[in-house]
Amino acid sequence: AQSVTQPDIHITVSEGASLELRCNYSYGATPYLFWYVQSPGQGLQLLLKYFSGDTLVQGIKGFEAEFKRSQSSFNLRKPSVHWSDAAEYFCAVGTLHDKIIFGKGTRLHILP
Amino acid sequence: ETGVTQSPTHLIKTRGQQVTLRCSSQSGHNTVSWYQQALGQGPQFIFQYYREEENGRGNFPPRFSGLQFPNYSSELNVNALELDDSALYLCASSLGGLAGESYEQYFGPGTRLTVT
């Protein structure tokens, strides 16, 4: 069955430090992979997506993610976080009929 | 180009009642998907409508039903509300195509439903 695992429920980093959020997926075919961000009380905003091609994808707000098929991973990175990056981050895999399966999310906290 | 809108923003209902949530898709999109996001959880897929037909359903009981209209807007109806139905309900629109292809989904701000 398809699934997405985000092993870190909470992550705290200092402003200006680098960030990596982990994501592992389980899907039988070539996956479509996404990272979304959700600020409190808001809907979901797409940060970046991987459909095919270059395994390192660039997104908005300075985020990037790398698809590693051998590890079934799609980790999100940012070289230097800003206080405004504090939010909930969801990794997701797209399946047949555009159904998207989400992980449980990682809450990012930023220390000043 | 207008984005995805949802109404109402917040709603309080009593157990056993029925509720209808509405979603207007982004201009040019023909597919609407609905998700339930319980507190502290990721969104869970309820169902999807493509060109007015149901096109996939998640693990939700039949009291969750939906409609899509010719202008591609959509409704989510929930009958016999239970306390566990309290959640943020998100809709997402996309330009759907052939089965097996996944298109970028654009999410609305959600409707917060509280069942007491």
Side-chain angles (χ1 to χ4, degrees), chain A residues 1-10 21-25 27-53 57 59-60 67 74 76 87-108, chain B residues 3-7 9-10 21 23-26 29-51 53-60 68 87-112:
Chain A
Q2 305 98 337
S3 65
V4 176
T5 302
Q6 294 180 248
D8 303 306
I9 299 174
H10 293 273
L21 301 183
R22 296 183 291 164
C23 172
N24 292 96
Y25 68 90
Y27 186 59
T30 301
Y32 301 108
L33 295 163
F34 308 88
W35 275 98
Y36 285 88
V37 62
Q38 186 177 38
S39 298
Q42 302 296 311
L44 296 164
Q45 182 182 23
L46 179 68
L47 285 175
L48 47 78
K49 61 185 183 288
Y50 171 78
F51 282 3
S52 64
V57 293
I60 62 171
F67 169 57
F74 189 56
L76 181 71
E88 185 104 30
Y89 291 80
F90 293 96
C91 180
V93 59
T95 69
L96 190 68
H97 298 305
D98 300 335
K99 170 183 171 182
I100 295 181
I101 297 173
F102 288 86
K104 293 189 175 182
T106 297
R107 170 72 62 180
L108 175 63
Chain B
V4 179
T5 60
Q6 293 185 243
S7 62
T9 306
H10 295 86
L21 309 181
C23 172
S24 292
S25 58
Q26 184 164 311
H29 287 179
N30 55 15
T31 303
V32 172
S33 304
W34 285 93
Y35 296 82
Q36 179 196 65
Q37 186 179 17
L39 200 61
Q41 300 294 316
Q44 284 198 294
F45 176 75
I46 303 175
F47 45 57
Q48 181 186 86
Y49 280 83
Y50 170 62
R51 293 187 174 180
E53 298 283 334
E54 188 177 291
N55 184 42
R57 188 179 182 93
N59 189 27
F60 280 81
Q68 188 179 32
L88 181 68
Y89 288 85
L90 297 163
C91 82
S93 76
S94 57
L95 182 58
L98 300 173
E101 297 187 49
S102 184
Y103 293 86
E104 185 172 325
Q105 296 192 7
Y106 293 82
F107 283 80
T111 294
R112 173 73 63 186

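Computation of the quantities below employed the complete heavy-atom set of this structure, encompassing side-chain atoms and omitting hydrogens, waters and symmetry-equivalent molecules.
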Under 4.5 Å from any heavy atom of chain A, what part of B:Gln37 do you find: side chain, backbone, both or neither?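 Side chain only.
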So, taking the atom named CD in B:Gln105 and the one named OH in A:Tyr32, what distance separates them when rounded to the nearest 0.5 Å?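 Reported to 0.5 Å precision, the distance equals 13.0 Å.
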Can you tell me how far apart CZ (A:Phe102) and OH (B:Tyr35) are? Round to the nearest 0.5 Å.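 Result: 5.5 Å between the selected atoms.
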Could you pull out the closest heavy-atom pair between B:Pro43 and A:Leu44, with the gap in Å?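 Smallest interatomic distance, heavy atoms only, reads CG-CD1, 3.7 Å.
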Considering only heavy atoms, which portion of [X] lies under 4.5 Å from any heavy atom of chain B: side chain, backbone, both, or neither?
| X | value |
| --- | --- |
| A:Gln38 | side chain |
| A:Leu46 | side chain |
| A:Lys49 | side chain |

Other residues, nucleotides, ligands: >12 heavy atoms within 6.0 Å of A:Ile60 CD1: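 Result for CD1/A:Ile60: enclosed.
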